Amino acid sequence: MNVNGYKDTGAGFMTLDLPLLESWLWDSADILRGSIDSSDYKNYIFGLLFLKRANDVFEEEVEKIVEEKGLSREEVEEDSDFHQFLMPRSARWKFITGKTENIGEAIDKAFADIEEVNTGLEGVMTAVHFGNKDVLTDAILQRLLLHFNKYSLKNRDLFTPDLLGTAYEYLIKMFADDAGKKGGEFYTPKGVVKLIIRLIKPEEKNRVYDPTCGSGGMLIESAKYIAEHGSGQGNLINVSLYGQEKNLGTWAICKINMILHNFPDADIRKGCTLGTPQHKGEDDELQIFDRVIANPPFSKSKWWDAAEVDIKTNEKGKQISPNYNKVVSDPYGRLQYGIPPRGYADLAFFQHMISVLKQGGRLGIVLPHGVLFRAGAEGKIRKGILKDDILEAVVGLPSKLFYNTGIPASIIIVNKTKPKNLVNKVIFIDASNDFKEGKNQNSLEDEHIEKIVDAYDKLKEIEKFMRIVDMKEIEENDYNLNIARYIDTSEEEEPVDLVATLAEIAEIEKKEKGIDEKLAGYLKELGL
């Protein structure tokens, strides 16, 4: 072990712990600066990260089997039974780093060849293109490959088996910081993810689904929660993960993220969940799940693609907005409580999630505060959900937690089989003042999460923080869920001593009169 805490593995490489790995990967962004937009760094770095990791694990598998079984290297390289992924020769790290020109084209071919022999990766690696020399020159790519060549990513050279997956999460957050608003499209702050999962409590053997999965953080954190609270069968986590993501690049990142976290069987589909949900059974019915969790894009407009294809114009050439009540027709019957307005997709995502949640299942969704009180079509949807008595809790979050908006959000929990003591009741928690203040973004720390979860689990009412509200009171408020209607967080004003205050005023007036008399005397002496 050397002075920095890393040990030599005997192969010329240091064992990587998390700080070294994070620093190494983040430094790769410096090589790309000026060549591509910062919001695109992740696509290139993640691609090369996976290529290096897949190559090194492949080499490690070859070395192990050759030693244990006495087979030739050529036999082991070509036999898929020995490998998690097959690596064609054109994709081997040694082959790629041997190139001195047309490096980007060689990397693109490597990714295409990997997909060809590993059908589960179809469309994942080729989502990013390295071959455009106007964007990435051979000199830049040589520097990048040389940088990635500094460390081995074999299992034996990683401090923990999941180290690379953890570093991957770190980089997603860092790129979200760097990309600003765009970062919110693929990253939900870790504190929010941990809180929502601790509220819905996924269990072993659960089928966990995220219809807007982004980079997959909520699914991975669900699996980690199960590992920590389950029976502990080694590294085996008994859970099935499902997700769908519309953005092609983010979908590819999610697939890689699942692989790096040792969930290669996670069922991650691409496409618009509202228009074309992908997780269906043989009878074309939507699959159902034990836990459903999501952070959909806040208040997405024009959310039903089929209604936006043929927009009409009036005689003056102005576009006529389609009437969603007339043009939206969902063949899966998900919008049972009503059709949300064109400008707000929030309750469309919410209803989709409710429709695929099994009886006895639990759902957690992050939504903007507007869904709690907006009237019109959304008010009718909210009323229907409340009258069915499946809404268990509303948790108000602090402002400035998210990268894509500064507005505060809320977590809504649905339980299709509420416990008897919560029948016709809703838990309200106002956690808007529980956060760690940051320069650009605030954050939820473990102490804030613990406070919320403890009150929720113990059903412990706390003044100005948590109340269990009877449905009758909500009905009297016309099914408005604005948290301020149920939890009074205003500070009491100190009582005013009227007699003392009047005496103070009289004393002040007396002093003012004396000052005026002195001033008049001075002015008279000056002849003014």
Side-chain angles (χ1 to χ4, degrees), residues 120 162 165 188 192-246 250-251 254-274 276-296 330 332-334 336 348-366 390-393 411-419:
D162 192 38
T188 301
V192 176
V193 176
K194 289 174 68 175
L195 172 59
I196 196 170
I197 287 164
R198 289 191 61 183
L199 292 174
I200 67 169
K201 297 175 173 53
E203 300 173 349
E204 288 184 301
K205 300 182 181 179
N206 273 178
R207 291 156 54 88
V208 182
Y209 168 65
D210 184 342
T212 58
C213 63
S215 57
M218 286 189 168
L219 294 173
I220 291 169
E221 196 65 33
S222 295
K224 287 182 178 179
Y225 179 89
I226 293 170
E228 292 169 1
H229 295 83
S231 56
Q233 301 296 320
N235 291 324
L236 180 64
I237 303 175
N238 193 352
V239 63
S240 300
L241 304 179
Y242 302 81
Q244 185 166 340
E245 172 55 41
K246 184 177 183 178
T250 308
W251 167 81
C254 183
K255 292 278 284 186
I256 296 173
N257 203 8
M258 291 296 161
I259 292 166
L260 293 180
H261 279 88
N262 298 315
F263 296 110
D265 297 327
D267 187 352
I268 310 299
R269 309 283 181 91
K270 53 187 170 184
C272 174
T273 300
L274 295 180
T276 53
Q278 296 295 309
H279 291 91
K280 296 178 286 187
E282 293 180 1
D283 55 359
D284 208 41
E285 293 290 322
L286 296 179
Q287 295 180 34
I288 60 172
F289 305 92
D290 302 283
R291 297 290 185 272
V292 183
I293 185 170
N295 174 23
D330 177 39
Y332 304 102
R334 293 170 293 173
Q336 57 178 309
F349 284 112
F350 192 22
Q351 289 187 85
H352 166 78
M353 293 169 69
I354 291 172
S355 70
V356 298
L357 180 66
K358 71 184 296 184
Q359 198 64 35
R362 295 168 66 83
L363 174 162
I365 183 172
V366 183
I390 58 174
L391 197 151
E392 184 168 284
I411 292 174
I412 297 178
I413 304 297
V414 163
N415 186 345
K416 285 195 171 180
T417 310
K418 291 166 72 172

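These numbers were taken from a predicted model, which means no experiment stands behind them.
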Would you compute the distance between atom [atom1] of [X] and atom [atom2] of [Y] and round it to the nearest 0.5 angstrom?
X      : Y      : atom1 : atom2 : answer
Phe263 : Leu241 : CZ    : CG    : 5.5 Å
Lys224 : His261 : NZ    : NE2   : 4.5 Å
Lys246 : Cys213 : NZ    : SG    : 14.0 Å
Ile365 : Phe349 : CD1   : CZ    : 8.5 Å
Leu357 : His352 : CG    : NE2   : 11.0 Å
Gln336 : Ile354 : CD    : CD1   : 7.0 Å

Taking [X] for the side chain and [Y] for the main chain, is one N or O donor matched with an acceptor at less than 3.5 Å?
X      : Y      : value
Arg291 : Asn206 : no
Lys255 : Ala266 : no
Thr276 : Gly271 : no
Thr417 : Gly360 : yes

Compare every heavy atom of [Y] with every heavy atom of [X], then report the nearest pair and how far apart it is.
X      : Y      : result
Ile226 : Glu204 : CG2-CG, 3.7 Å
Pro202 : Val208 : CB-CG2, 4.4 Å
Cys254 : Gly214 : CB-O, 3.2 Å
Gly364 : Met353 : O-CE, 3.7 Å
Glu245 : Trp251 : CG-N, 3.6 Å
Ser355 : Leu286 : OG-CD1, 4.4 Å

Only one of Lys280, His279, Arg207, Gln278 forms a side-chain hydrogen bond (donor to acceptor under 3.5 Å, both in side chains) with Gln287, so which one is it? Arg207
Before you tell me yes or no, could you show the steps for Leu363 and Lys416 under side chain to side chain contact (heavy atoms under 4.5 Å, CB included), namely the whole-Å CA-CA distance, both residues' side-chain angles and the distance that decides it to 0.1 Å? CA-CA 9 Å; Leu363 174 162; Lys416 285 195 171 180; over 6 Å; no
With sequence neighbours excluded, residues passing ring-ring contact (aromatic ring centres under 6.0 Å, His included) with Phe289: Tyr209, Tyr242
Apply side chain to side chain contact (heavy atoms under 4.5 Å, CB included) to the pair Lys418 and Ile390, showing each step before the final yes or no. CA-CA 7 Å; Lys418 291 166 72 172; Ile390 58 174; 5.6 Å; no
Look at atom NZ of Lys205 and say whether more than 12 heavy atoms of other residues, nucleotides or ligands are closer to it than 6.0 Å. no
Output, in order, the C-alpha distance, side-chain angles, deciding distance and verdict of side chain to side chain contact (heavy atoms under 4.5 Å, CB included) for Val192 and Asn295. CA-CA 10 Å; Val192 176; Asn295 174 23; over 6 Å; no
Please lay out, stage by stage, how Leu219 and Ile268 fare under the test side chain to side chain contact (heavy atoms under 4.5 Å, CB included). CA-CA 10 Å; Leu219 294 173; Ile268 310 299; 3.9 Å; yes
May I have all residue pairs that pass salt bridge (Lys or Arg N to Asp or Glu O under 4.0 Å) and include part of residues 353-363, sequence neighbours excluded? Asp290-Lys358, Arg362-Glu392
